[in-house]
Amino acid sequence: MQWFFNNEIIVIAFTIVIYFIAEKLQKKTGVFLLNPILVSVVIIISFLSVFNIDYETYHKGSKYIDFLLKPAVVALGVPLYLQLEKIKKQVLPIIISQLVGCIVGVVSVVVIAKLMGASKDIVYSLAPKSVTTPIAIEVSRAVGGIAPLTAAVVIVVGIFGAVFGYVIMKLFGVKNPIAQSLAIGNAAHALGTSRSMDISPNYGAMASIGLILNGVLTALLAPYILKVLSPWIDA
Amino acid sequence: MFNVLSDFFILKKARQAEASFLILILNFNKEKMIRQAAIIFGCLAIGELIVYLTSVKLPSSIIGMILLAFLLKIGWVKLTWVKGISDFLVGTLPFFFVPAGVGIMAYFELIATSFWSILTAALGSTVIVLVTTGWVHQYLRKQNKTKLKK
């Protein structure tokens with residue numbers, strides 16, 4: 001089986017086919033927890049473990065897929081531009097609440113993880129957990145976190161926020177629909193956004209503003225917030 | 001405009017990854033493939049250059065993203081010039097980070113030792129973010145409205 005994964009083209013084809021199946025699975029069943037990324041990752045890891053193939057071998061081929069992540073993040077500039085055009089009128093309340101969400105998100109996760117005794121690698125990996133995976137991975141790499149751990153946590157956070165987000169906000173008295181959608185986009189990125197899209201396209205659009213703005217803000221601010229906290233984290 | 005938005009909702013309307021490389025080529029051909037690729041990779045390259053020159057702790061892709069939005073805003077880049085490639089890349093985004101997700105298998109032991117702190121921190125912080133962001137925005141909206149009424 002080793003030869004199979006030593007061939008880059010085969011690894012790429014394998015990954016594409018698995019993802020295709022995972023996506024079909026979710027469309028057919030409509031179950032939210034069957035997130036295509038989650039399902040493909042689980043299938044691929046099980047496959048590799050069963051045939052006793054290490055990650056380095058798989059990565060020789062999969063790095064070509066990884067490579068496209070960077071241009072894809074650049075392409076997010078288009079929705080960013082479109083959203084900014086849209087919110088011109090109420091830009092200040094939105095930017096301020098997103099800014100608060102960004103700072104609170106980074107600081108709270110770092111503080112809780114550190115207090116619970118997580119090592120500093122893990123603390124750094126958790127910092128960008130609220131933002132969409134491609135940005136979170138890039139931020140994690142920039143601040144010295146473990147990018148795959150970040151990716152996994154981001155997905156877990158997204159599913160949690162999408163499933164329980166609206167219930168939690170109602171419980172704590174966040175009643176305004178716009179505030180709810182912005183908050184869910186901020187906290188639970190694309191998965192929260194797609195949940196909002198299920199409620200209505202307007203909720204979805206607002207959530208995607210939260211998703212994009214928090215992505216940008218976290219990328220810009222997280223390294224500096226972590227720098228301030230680093231004496232405490234490293235101690 | 002809504003096409004771009006809806007492509008972004010990965011679960012709902014993500015394009016199929018199965019034909020990713022084929023679509024990449026087709027999309028490129030539809031509207032001047034070289035120009036589209038040049039803009040995206042140009043923004044990315046400038047991002048790389050800025051990171052190299054200033055050693056700022058930002059991912060080059062984020063700088064590229066902000067640069068692209070800025071160029072669209074000031075009109076140096078037209079939306080139609082990048083629409084095809086951007087729709088494709090954004091729509092296929094979830095697929096691109098499968099390899100990064102698989103990378104977690106190298107860290108199973110590390111995660112097992114701090115599983116509960118990771119989970120508590122991530123979920124606890126998510127609740128805090130949801131509630132504070134929602135509260136702040138609600139409060140600011142009220143302020144805005146009362147100001148308008150006066």
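A, B, ... follow the sequence lines: proteins, then strands. Residue 1 opens every chain.
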Would you give the length of the straight line joining atom [atom1] of [X] to atom [atom2] of [Y], rounded to the nearest 0.5 angstrom?
{"X": "A:Ile43", "Y": "A:Ile18", "atom1": "CD1", "atom2": "CD1", "answer": "5.0 Å"}
{"X": "A:Leu182", "Y": "A:Ser208", "atom1": "CG", "atom2": "OG", "answer": "9.5 Å"}
{"X": "B:Thr80", "Y": "B:Gln36", "atom1": "OG1", "atom2": "CD", "answer": "9.0 Å"}
{"X": "A:Asn186", "Y": "A:Ser181", "atom1": "CG", "atom2": "OG", "answer": "12.0 Å"}

Which one wins on heavy-atom pair count under 4.5 Å against chain B: [options]?
{"options": "A:Ser40, A:Ala75, A:Gly101", "answer": "A:Ala75"}
{"options": "A:Pro223, A:Cys102, A:Ala22, A:Ser97", "answer": "A:Ser97"}
{"options": "A:Ala151, A:Ala219, A:Ala13, A:Ala222", "answer": "A:Ala219"}
{"options": "A:Ile96, A:Ile178, A:Leu84", "answer": "A:Ile178"}
{"options": "A:Val156, A:Ile137, A:Leu220", "answer": "A:Leu220"}
{"options": "A:Phe160, A:Tyr224, A:Phe67, A:Tyr58", "answer": "A:Phe160"}

Least distance between heavy atoms, B:Val102 atom then A:Ile45 atom: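 So the two residues come closest at O-CD1, 3.9 Å.
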So, for A:Ala127 and A:Val109, which heavy atoms are closest and what is the spacing to 0.1 Å?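 The answer is CA-CG1, 3.9 Å.
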Need one label for [X]: side chain, backbone, both or neither, based on atoms under 4.5 Å from any heavy atom in chain B.
{"X": "A:Lys129", "result": "side chain"}
{"X": "A:Glu85", "result": "side chain"}
{"X": "A:Val153", "result": "side chain"}
{"X": "A:Lys175", "result": "both"}
{"X": "A:Ile184", "result": "both"}

At a 4.5 Å cut-off on heavy atoms, which part of [X] comes close to chain A: side chain, backbone, both, or neither?
{"X": "B:Ile63", "value": "neither"}
{"X": "B:Phe108", "value": "side chain"}
{"X": "B:Ile111", "value": "side chain"}

Do you know which of [options] has the most heavy-atom pairs with chain A at a distance under 4.5 angstrom?
{"options": "B:Gly101, B:Ala106, B:Gly124, B:Ser114", "value": "B:Gly101"}
{"options": "B:Val136, B:Leu44, B:Leu140, B:Leu72", "value": "B:Leu72"}
{"options": "B:Ser117, B:Cys43, B:Gly64", "value": "B:Ser117"}
{"options": "B:Ser60, B:Pro99, B:Ala122", "value": "B:Pro99"}
{"options": "B:Thr132, B:Val127, B:Leu123", "value": "B:Leu123"}

So do [Y] and [X] actually touch side chain to side chain, heavy atoms under 4.5 Å?
{"X": "B:Val90", "Y": "A:Val78", "value": "no"}
{"X": "A:Phe164", "Y": "B:Leu130", "value": "no"}
{"X": "A:Leu149", "Y": "B:Ile118", "value": "yes"}
{"X": "A:Gln98", "Y": "A:Ile95", "value": "no"}
{"X": "A:Leu80", "Y": "A:Leu76", "value": "no"}

Is the A:Phe14 ring parallel, tilted or perpendicular to the A:Phe47 ring (thresholds 30°, 60°)?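 It falls in the tilted class, 30° to 60°.
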